[in-house]
Each structure stands twice: as structure tokens, then as C-alpha cells.
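For reference, the structure is listed below as C-alpha cells.
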There are 4 protein chains.
Amino acid sequence: MKKNKPKYRQIIDAAVIVIAENGYHQAQVSKIAKQAGVADGTIYLYFKNKEDILISLFQEKMGNFVEMIEEKIAGKETAAEKLLMMVETHFNILSDDPHLAIVTQLELRQSNKDLRLKINEVLKGYLSLVEQILSNGKESGEFSPTLDVRLARQMIFGTMDETVTTWVMNDQKYDITELAGPVHRLLLSGCQKQDN
Amino acid sequence: MKKNKPKYRQIIDAAVIVIAENGYHQAQVSKIAKQAGVADGTIYLYFKNKEDILISLFQEKMGNFVEMIEEKIAGKETAAEKLLMMVETHFNILSDDPHLAIVTQLELRQSNKDLRLKINEVLKGYLSLVEQILSNGKESGEFSPTLDVRLARQMIFGTMDETVTTWVMNDQKYDITELAGPVHRLLLSGCQKQDN
Amino acid sequence: MKKNKPKYRQIIDAAVIVIAENGYHQAQVSKIAKQAGVADGTIYLYFKNKEDILISLFQEKMGNFVEMIEEKIAGKETAAEKLLMMVETHFNILSDDPHLAIVTQLELRQSNKDLRLKINEVLKGYLSLVEQILSNGKESGEFSPTLDVRLARQMIFGTMDETVTTWVMNDQKYDITELAGPVHRLLLSGCQKQDN
Amino acid sequence: MKKNKPKYRQIIDAAVIVIAENGYHQAQVSKIAKQAGVADGTIYLYFKNKEDILISLFQEKMGNFVEMIEEKIAGKETAAEKLLMMVETHFNILSDDPHLAIVTQLELRQSNKDLRLKINEVLKGYLSLVEQILSNGKESGEFSPTLDVRLARQMIFGTMDETVTTWVMNDQKYDITELAGPVHRLLLSGCQKQDN
DNA sequence: GATGAATGAGCCTTCATTCAT
DNA sequence: CATGAATGAAGGCTCATTCAT
């Protein structure tokens with residue numbers, strides 16, 4: 001399995017750095033290879049083509065993303081607690097890896113439609129997780145029984161995404177982790193009382 | 001003023017169509033010129049370069065956007081009504097112009113960082129409008145006095161944006177205008193009750 | 001029509017020279033462009049891709065080839081005379097254009113199967129001409145009534161081709177036009193007396 | 001001597017199959033190694049480089065070719081009989097090994113000039129054999145005393161080559177061995193009566 | 001003002017060959 | 001002897017922009 005060989009991660013990590021520092025359109029394969037400390041051709045022993053690097057990058061980092069959040073919320077009782085943990089983890093991960101934040105929020109969105117469709121495939125896992133928390137909350141009575149799960153999921157994901165993108169666009173110059181609480185409260189009240 | 005000459009709008013309208021139908025990366029200047037019925041070189045009599053077409057496109061269409069919303073909410077009393085009108089108008093405009101929806105939600109996001117920074121400049125007018133409604137609501141007592149206007153604005157814009165993007169990604173196959181009411185209620189409860 | 005513009009022929013003529021002097025695999029597009037005195041990109045205003053240059057080259061030069069032979073044999077009475085004129089013209093044309101001889105006999109044969117199939121399409125016109133002369137000769141009684149036209153055509157074309165290739169491989173250091181008579185006599189006796 | 005080791009022939013036979021099935025330009029060293037059941041690097045223990053594989057391939061198969069024909073014509077009295085046996089054997093060998101026919105008639109001709117010059121070195125043995133038969137025929141009075149041996153050799157080789165190539169290009173869908181007789185008669189009459 | 005032919009910089013990918021094991 | 005992971009040079013093609021007419 002190529003994914004377990006050290007050079008696989010080495011190249012993906014190099015890609016994150018190069019894209020973050022140079023931008024998507026200036027991230028030539030040769031630049032990624034140099035950053036990874038391998039020859040250009042070596043890239044193609046681990047990835048089918050340049051697009052495959054980017055898809056794999058997203059899968060590795062976001063697969064990881066979903067896993068980490070799942071672990072974190074496992075011990076939580078209420079949907080509200082799970083939601084808080086999710087927002088916190090989401091913000092923490094991207095706050096801890098400024099390069100990754102730039103790549104996911106800005107650079108990777110410049111990719112063509114095909115790549116973005118594949119990225120969306122990966123995102124589906126995350127969106128499902130959000131909807132699951134919302135459904136749990138409805139069942140337990142924490143959230144309004146009339147809550148539209150799909151819309152609420154779009155609100156939650158849209159709000160987190162917009163919050164992170166604004167932070168990245170402002171050169172990450174404030175502490176986004178401090179926004180987790182306030183954002184959580186905002187989202188929570190939206191879910192709890194949508195119909196009074 | 002070049003902006004008042006017929007070919008100026010002709011080229012911008014052609015750009016919307018070409019980008020929507022071919023995608024950002026397949027929207028060559030020559031294709032836009034052909035669609036607009038002018039020679040390639042003529043483009044450069046009205047726009048500094050290709051990026052300038054896209055910035056102007058966004059300015060024209062989103063300036064229009066902000067104006068229309070301002071007109072619509074002018075007669076509304078409460079912040080809640082203004083918010084509803086804004087969501088409705090936002091959804092209506094994009095619902096009425098499928099090409100524009102594709103361009104703003106998907107294609108234009110593939111542009112490079114510089115272009116997106118300029119697009120954000122244009123968006124600031126819209127974001128200010130949202131923040132103004134929120135401030136009005138706080139002053140009138142409709143919204144919680146502790147509401148973080150900046151965060152709430154990110155929630156509102158992020159939710160609307162995510163909702164429209166999801167709709168476009170699903171090939172606009174359902175009626176997004178019907179979602180204005182539910183989305184409005186969701187956002188409203190977030191603003192009203194964030195601190196209970 | 002692009003084919004009538006001066007740069008079309010200019011590029012084809014440049015291709016013949018570059019391929020003859022550098023070999024098929026060393027005939028880069030940039031080298032052809034330089035020889036033609038145009039920019040690399042200009043090539044692609046006249047040809048779809050590199051392969052298209054080579055196909056067009058062959059079509060132009062061999063179309064010309066067939067036309068010239070047709071003109072020459074038009075006034076000839078007997079099949080024998082036509083055959084002689086054909087061999088003479090075939091040898092003369094390639095003798096007059098040493099670069100073209102190298103390209104057709106050696107370099108263009110290194111192309112891939114697809115290109116060669118298209119080259120063969122062009123050659124069919126020539127092969128038909130040979131078969132037509134043979135059929136005329138059978139009808140007039142000059143050639144044996146049992147002559148297998150297809151085989152005889154292969155003999156004629158194979159012999160001429162082999163003769164020219166040998167001459168090119170020997171660096172064109174003897175006069176191939178002097179071989180037209182002897183080759184003609186050789187081929188003629190093959191056609192006249194195949195069954196005695 | 002490396003040539004006597006089993007892997008030497010193993011690699012050459014693999015090369016014939018790979019080139020015939022994939023074409024000259026798709027016959028990568030790694031593909032040949034895989035077909036031969038050895039590692040890529042092993043190739044270079046038996047051959048200096050890729051070109052050396054192809055030259056050796058031609059030497060082995062065509063050396064064999066000449067030997068077989070020499071054996072076959074050894075017992076024949078007249079030049080006409082020898083010529084017939086040669087054409088028959090030539091056609092039979094290639095008819096019996098469809099892969100080899102594709103490689104010699106189509107694929108190997110795509111090689112560069114250097115390789116083809118070396119291939120011609122190998123072919124000289126065959127061409128000498130043809131000329132020897134022709135000289136014998138002149139001495140015995142079977143062939144015209146004025147026959148140009150060099151030209152006649154080009155006719156004979158050119159005709160056989162063109163006949164086989166046409167057969168391969170037509171996907172070997174007819175029986176080429178049946179053409180040996182007719183081709184022989186055609187060539188023979190060319191040699192016997194070239195000056196009447 | 002309008003044209004459109006011409007420009008030319010820039011990059012992903014392949015694959016023959018090497019060499020540490 | 002044998003392996004196969006790693007190397008790195010090399011080129012066809014696109015398209016935003018210019019400028020002579």
C-alpha cells in the first residue's frame with residue numbers, strides 16, 4: 001500500500017506547504033517535489049497525476065478531520081455538547097495548522113469542477129456527521145421537533161466555513177479558537193427555538 | 001465613461017454566459033469576445049485585462065444586488081422583516097438568473113487570491129448592510145443586546161451562501177425561493193435567543 | 001482557407017528541412033517554428049497539432065506527386081510509356097528535392113501507427129494510378145492477360161521504393177535518375193512475360 | 001557468453017511480443033521486463049541499453065532467417081528453383097510468426113536512423129544471398145547476361161517486402177504463402193527477359 | 001474606434017537508466 | 001546474480017495580450 005510509505009505523506013505535506021505559500025496556480029509539481037526532497041518523477045510513483053495529489057491531500061486531511069471530531073464527541077451526552085465539541089475541534093485543527101487552513105479555505109477552491117466534485121464526496125462524511133448530531137438532538141428533545149435538519153446543517157456548516165474563511169482572509173491575525181463558544185451559542189439558539 | 005457604452009455591458013453579459021456554460025478555466029478571452037460579438041482586441045478597449053472583466057462583472061452584478069435589496073427593505077419596519085426581505089431577495093435574484101448563480105457560487109471562486117480579495121471588497125457593501133440590520137435589531141430590542149454583530153453576520157451570510165451553493169451544486173433542481181422562510185426563521189432564532 | 005496563406009507552406013517547407021537535417025525525433029515544434037521564422041504559437045494557428053503538420057506535409061508533397069505524374073503520363077500512348085514516365089518522374093522529383101527524399105523514405109516511417117495509416121490513405125491515390133496503368137496495359141494487350149494487377153502493383157511500388165531508399169541510405173551519392181530506364185525495363189519484362 | 005543464457009532469449013522473445021501487441025512506442029523497458037518475468041534492472045545485465053535489445057532481436061531473428069533460407073536452397077539446382085524456395089521460405093517464416101511479422105514490417109521501422117542503419121547491416125547478409133542467386137543465374141544462362149544484379153536484387157527484395165507489408169497492414173487476413181508462386185513468376189520473368 | 005493575426009512564456013508527465021540492497 | 005525504487009531531462013501546447021492596419 002503506497003499510502004503507508006513515508007514518501008506518500010511527505011509529498012502531501014509538501015503540497016500543503018507549497019500551495020499555502022505560493023497559491024494553487026503557482027504550485028508546480030516540481031516545486032512540490034523539491035519541497036518534499038524527492039525527484040519530480042518520484043511524485044508519479046505515488047500519485048496518478050497532479051490532481052490526484054490534491055484529492056489525496058484533501059482525503060487525508062479531511063478524513064483525519066472527521067475521525068478526530070468523531071473521537072472527540074464520542075464521550076459527549078447531549079447534542080449541544082457534541083455541537084460545541086465539533087465547532088471547537090473544527091476551529092482548533094485549522095488554527096493549529098495555518099497552512100492547511102489556507103489550502104482548504106482559499107486555494108483548493110480554485111480547483112476545477114471535477115476536483116471540487118471529488119472534494120465534495122469527502123465532505124459528505126462531515127456533513128453526515130452534522131446531520132446525525134442534529135437528528136440526535138431532535139430525538140432527545142433538545143432541538144425543536146420541526147427543525148429542518150438539512151437547512152440547519154447548511155447553517156452550521158456555512159457559518160463555520162464563513163467564520164474560518166474570514167479569519168484566513170484576515171491573515172489569521174486573531175485567535176479563532178475563542179470564537180468557538182460564541183459561534184456555538186449562536187447556532188444552538190437557531191436549532192432550539194426556530195419556531196417560537 | 002466606458003461603463004455607459006453598450007459594448008461594456010455586452011461584454012460582461014457575454015462573460016457571465018461563457019463562464020456559466022464552460023466553467024471558469026474554459027472561459028478564454030476569445031470565447032467571451034465571440035459571444036459578445038466583438039473582436040478579441042476590442043475587449044481591451046473596455047477592460048484593462050481579463051481579471052478586470054471578472055471584477056467588473058462582480059461589481060456590476062453585486063452592486064445591483066445590494067441596490068435591489070436596499071430598495072426592498074426600505075419600507076420595512078422591523079429588523080426581522082428586513083432580514084426576511086433580504087433573504088428572499090437574495091434567493092430570488094439568483095433563482096431568476098441561473099447563469100449568474102453558477103458564476104457567483106462556483107466558477108468565480110476558482111479565481112486566484114488577488115481576484116478574490118477584490119471580490120471581497122465588493123462584498124463588503126453587502127456585509128455592511130447585514131450588519132446594519134443587525135445593529136438596528138439590537139437597538140430596537142428585537143435582537144439580544146449581547147449579540148455579536150460580526151459573528152451573526154458571518155452566520156447569516158455563511159448560511160445563505162451555503163444554501164445557495166448546495167442548490168447550485170444540485171443543478172438548481174428544486175425551488176430555492178421556498179427556502180427563504182425556513183432559513184429566515186432559523187437565522188432569526190439564532191439572533192433573538194443566543195444567550196438563554 | 002488556411003492552406004492558401006503563405007505561412008502554411010512556409011511551415012511545411014520548414015518542417016521538411018528540419019526533419020531532414022535533424023531526424024524525426026529531433027524535429028521539435030520550436031525548431032520548425034524557428035526555421036519557418038514564426039513564433040511557436042503561430043504553428044497552432046495553421047495546424048491542429050504536431051502530427052497534423054506531418055500529415056499535411058505528406059498530403060501536400062505527395063498530392064503534388066500524384067498530380068505531376070498524372071500530367072506527365074497524360075500524353076503517352078502505351079502503358080509501357082506511361083510506366084516509364086512514372087518511374088522517371090518518381091525518381092526526378094525525389095532527386096530534385098534531397099530533403100524531401102530523406103523525409104519520405106526514412107524519417108516519416110518512424111511515425112506512429114496512426115500517422116502511418118493516414119499516410120497510407122494519401123498513398124492510395126498513387127497506388128490506384130499504378131493499377132490503372134496496369135489495367136490499361138492488360139486491355140491493350142501489352143501486358144499478359146493473366147497478370148495479377150495487385151501483385152504487379154506491389155512489385156512496381158516495392159521496387160521503386162526500395163531503389164529510392166537504398167539511394168537515400170547511400171547518402172544520395174549516385175544519380176538515381178539514371179536508374180529509371182533500367183528499373184523500367186526490369187519491371188516491364190515482369191509484366192509482359194510473367195507466364196511463359 | 002550472455003547469448004547462451006536462458007534469460008537472453010527470454011527477454012528477446014518478450015520484446016517481440018510486447019512490441020507486436022503494444023507498438024514500438026508503447027514498448028517500454030519495464031513492460032518487456034514484466035513480460036519476460038524479470039526485473040527492470042536485469043535487462044541491463046544482458047543488454048547495453050534499449051537499442052541493444054532491438055538490434056539483438058533483429059540479429060537473432062534475421063540471422064536465423066538467412067540460415068534457414070540457405071539450408072532450404074542448398075539442394076536446389078537452378079537459380080529459378082532457389083528463388084522460388086527463397087520467396088516461399090521468406091513468406092513461410094513470417095506467416096508462421098505473426099508477431100515477428102508485425103515487428104519487422106511495421107514496428108521496427110519506427111526506430112531512429114541509427115538503429116535502422118544497424119538493422120541494415122544485418123540485412124546485408126540477406127541481400128548478398130539474393131545477389132549470389134542472381135549471379136549464379138546469369139552464369140548458368142538462366143538469366144539475361146545484361147541483368148543488373150544490384151537493381152534486380154532491389155526489385156526482388158522490394159517486391160517481397162512490399163507484399164509482406166501489405167499483408168500485415170491488412171491484418172494478415174489472407175494466406176500470404178499462396179502468393180509465393182505468383183510473386184516468384186513475376187520476379188522471374190523480370191530477370192529472364194529484361195531486354196527483349 | 002475596431003480588428004484579429006501573431007506572439008512566447010510556462011509546465012505536467014514519461015521512461016530509460018542507475019545503484020543500494 | 002537479481003532486484004525495483006528512485007532519478008531527472010525534455011517538449012508539445014495554451015491563451016492573455018499586443019499592435020499594425
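Letters A, B, ... are given to chains in the order of the sequence lines, protein chains preceding strands, and every chain is numbered from 1. This structure is a prediction, so every number in the text was calculated from the model and none was measured.
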Within the 4.0 Å heavy-atom criterion, would you say D/Lys34 contacts the bases, only the backbone, or no part of the nucleic acid? nothing
OH of D/Tyr24 versus P of E/dA16: gap in Å, rounded? 9 Å
Proximal nucleotide (of F/dC15, E/dT7, E/dC11) relative to the B/Gln26 side chain: F/dC15
How many angstroms lie between atom NZ of D/Lys7 and atom CD1 of D/Ile43, to the nearest 0.5 angstrom? 10.5 Å
Interatomic distance where CG belongs to D/Asp52 and P belongs to E/dT17 [whole Å]: 10 Å
Answer yes or no: does a side-chain N or O of B/Lys5 lie under 4.0 Å from OP1 or OP2 of E/dG1? yes
For A/Val29, report the nucleic acid contact type (base, sugar-phosphate, nothing); a contact means any heavy atom under 4.0 Å. base
If you pin A/Gly37 and D/Val38 to their nearest nucleotides in DNA chain F, which one's is more 5'? D/Val38
In terms of the nearest nucleotide of DNA chain F, which residue is placed more toward the 5' end: B/Ser30 or A/Asp40? A/Asp40
What is the distance from CD of A/Gln28 to P of F/dG11, rounded to the nearest Å? 20 Å
Ignoring the backbone of A/Leu45, work out which of E/dC12, E/dT13, F/dA5 is nearest its side chain. F/dA5
Would you mind reading off the distance between C/Phe47 atom CZ and E/dA6 atom C1', rounded to a whole angstrom? 15 Å
Under a 3.5 Å limit on both distances, the Watson-Crick or wobble mate of F/dT21 is E/dA2
Roughly, in whole Å, what's the span from NE2 in B/His25 to P in F/dC13? 22 Å
Any idea how B/Phe65 and B/Tyr126 line up, ring-wise: parallel (<30°), tilted (30 to 60°), or perpendicular (>60°)? tilted
Within this structure, what is the CD1-CD1 distance for the pair C/Ile17 and C/Ile12, rounded to the nearest 0.5 Å? 12.5 Å
What is the distance from CD1 of D/Ile43 to C1' of E/dT18, rounded to the nearest Å? 14 Å
Answer yes or no: is there a side-chain heavy-atom contact under 4.5 Å between A/Leu94 and A/Val168? no
Hey, does B/Lys7 reach any base, or is it just sugar-phosphate, or nothing, if we go heavy atoms under 4.0 Å? sugar-phosphate
What is the separation between atom NZ on C/Lys48 and atom C1' on F/dG12, rounded to the nearest whole Å? 14 Å
Nearest-nucleotide 5' precedence on DNA chain E, A/Glu51 against C/Ala39: C/Ala39
So, is A/Thr42 near the phosphate of F/dA6, with a side-chain N or O under 4.0 Å from OP1 or OP2? no
Heavy atoms of A/Val103 and A/Val16 approach each other most closely as CG2-O, 3.5 Å
Atom NE2 of A/His99 and atom CD of A/Gln172: how far apart are they, to the nearest 0.5 Å? 8.5 Å
Would you kindly give the CD1-to-C1' distance between D/Ile11 and E/dA16, to the nearest whole Å? 15 Å
Please determine, for the side chain of A/Tyr44, which listed nucleotide (E/dT14, F/dT17, F/dG11) has the closest atom? E/dT14
State whether D/Tyr46 places a side-chain N or O below 4.0 Å from either non-bridging phosphate oxygen (OP1 or OP2) of F/dA2. yes
